[in-house]
Amino acid sequence: MVVGLVETAVPAAKSTVSSAVKKPTTLSLDPIINVARGDPTIYEQYWKKMGDRCEVVIAGDEFMSYFCNAMNLCWFLLPELDNAIRTLHRVVGNAMVDDDRFIVVGNGSTQLFHALLYALSSPDLPEPINVVAAAPFYSSYPEETKFLRSELYKWAGDANCYDKDEPYIEVVTSPNNPDGSIRGTVVNREGGKAIHDLAYYWPQFAPITSKADHDVMLFTFSKATGHAGTRIGWAIVKDKVIAAKMVKFIEVSSIGVSREAQLRAAKILGVIADNCRNPDLKGENFFEYGRRLMSERWGKLREVGMKSNGVFSLPKYPRDYCKFTGEYTDSNPAFAWLKSKEGLNCENLLRDESKIITRGGPSFGVDSTYTRVSMLSRDVEFELLLERLAAIKGTVNGN
């Protein structure tokens, strides 16, 4: 039996770790807990309470054409989604979306990442352009870069170690996956280009300190709202030539993006923006709800960590002023970056002693004393995770 642990909906009422540990859950029948993935079901209960406010009705004769707007550079982008994306970013204040910026929609941010690698590389270079990211980096970047065995680009590893006098693309994730740190570019050399992945730069995960203003910025519907199955991501791009090359990549690889999915995303983003601007509307502000849930979960996890006798530790994050909330807030990352005591393989320790499946440090370019744990699972799964972590003694070798 495997329990998928990458999803969650924390209850509104605060509960202590001690009660979570003492009270058996319905999943305590010795299952394997899988918290290696990042499936964001944490918000299911919120969206269930929203009722029909997010419903979308599509008639049989709608969306027959490939085209949304043949005059727009991104001809498959639904105008409603373009407007909803720009509106929400303006409400939250986490990214510049002036009218001179181009919005490119994709089938999730994964497709957009591939589109950017294509758009930022050049067939005129004698060798594939190097792609780097500072460790610990998102574990899928190496695989995605290598997957097509492209002659345009190649994975070149940790940006901290990059010393080649060659063109490069640096991928910057901020807040970072897996460790939640706030990042900037590392290499900073002539001939370099950057992709800024801001999937987690939303108020439930981190203080919004400024409007991000980079040449290329990636966002994803899955992490912003929890709707991973809709498969919508978007890029905010300054350069028209780069945006056009991205559009061409998506045109060739999938002939656009589902308009049904775009309409659903537009509707949900619009509901979130309306609730942020109009507190009297039905339903709690989504970002306040998400921030409270994540804060409660991190509080419980840190309490367990303090009682672990040094078996594992967690990063500490500085408080910062959030312009969205108007107060100083903590970072509550989507993933916990656990470090085991010296000499222990953290991934193996959790798997062998507590049947907790995680994603180990080597996948992120660092050593095996680290492992990543999703904080986004459903309530019952998260409470069982706490129960298991509290029971770890570090007696299993784990090497």
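We use all heavy atoms of the structure for the numbers below, so side chains are in, but hydrogens, waters and symmetry mates are not.
Summarising the geometry, atom CD1 belonging to Ile272 is positioned 9.0 Å from atom CG belonging to Asn285; distances are rounded to the nearest 0.5 Å. Between the NZ atom of Lys193 and the CG atom of Asp239 there is a distance of 9.5 Å, given to the nearest 0.5 Å. In this structure, Leu117 CG and Met246 CE are separated by 10.0 Å, a value rounded to the nearest 0.5 Å.
Within the cation-pi definition used here (under 6.0 Å to the ring centroid, within 45° of the axis), Lys238 does not qualify as a partner of Phe102. Remark: Arg372 qualifies as a cation-pi partner of Phe335 under the 6.0 Å distance and 45° angle criteria applied to the six-membered ring.
Closest non-hydrogen pair, Ala95 versus Ile236, comes out as CB-CD1, 4.0 Å.
No option in Asn130, Ile195, Val131, Val132 other than Val132 meets the side chain to side chain contact (heavy atoms under 4.5 Å, CB included) test with Glu170. When the options Phe324, Tyr46, Tyr201 are evaluated for a ring pair (Phe, Tyr, Trp, His ring centres under 6.0 Å) with Phe287, the one that passes is Phe324. Across Asp179, Thr369, Thr371, a single residue satisfies side-chain hydrogen bond (donor to acceptor under 3.5 Å, both in side chains) together with Lys339, and that is Thr369.
In this pair, Trp202 and Phe219 present their aromatic rings perpendicular. The plane angle is above 60°, beyond the 30 to 60° band.
By the 4.5 Å heavy-atom criterion applied to side chains, Ser122 and Leu152 are not counted as neighbours.
Under the 4.0 Å criterion applied to side-chain N and carboxylate O atoms, Lys300 and Glu303 are not assigned as salt-bridge partners. Using a cutoff of 4.0 Å between basic side-chain nitrogens and carboxylate oxygens, Glu62 and Arg259 are not scored as salt-bridged. We find that Glu44 and Lys48 are not joined by a salt bridge, their nearest charged nitrogen and carboxylate oxygen being 4.0 Å or further apart. Salt bridge status for Arg101 with Asp213: present, with a side-chain N to carboxylate O gap under 4.0 Å.
Between Phe364 and Trp337, the gap from one ring centroid to the other is short of 6.0 Å. The distance between the ring centers of Phe286 and Tyr43 falls below 6.0 angstrom. Checked against the 6.0 Å centroid threshold, Tyr138 and Tyr141 count as a close aromatic pair. Phe137 and Trp155 have their aromatic ring centers within a separation under 6.0 angstrom.
Other residues, nucleotides and ligands place more than 12 heavy atoms under 6.0 Å from the CD atom of Glu327.
For the residue pair Thr209 / Asp320, no side-chain donor-acceptor distance below 3.5 Å is found, with atom types taken as modelled. Between the side chains of Glu347 and Ser368, no donor-acceptor pair is found at a separation under 3.5 Å.
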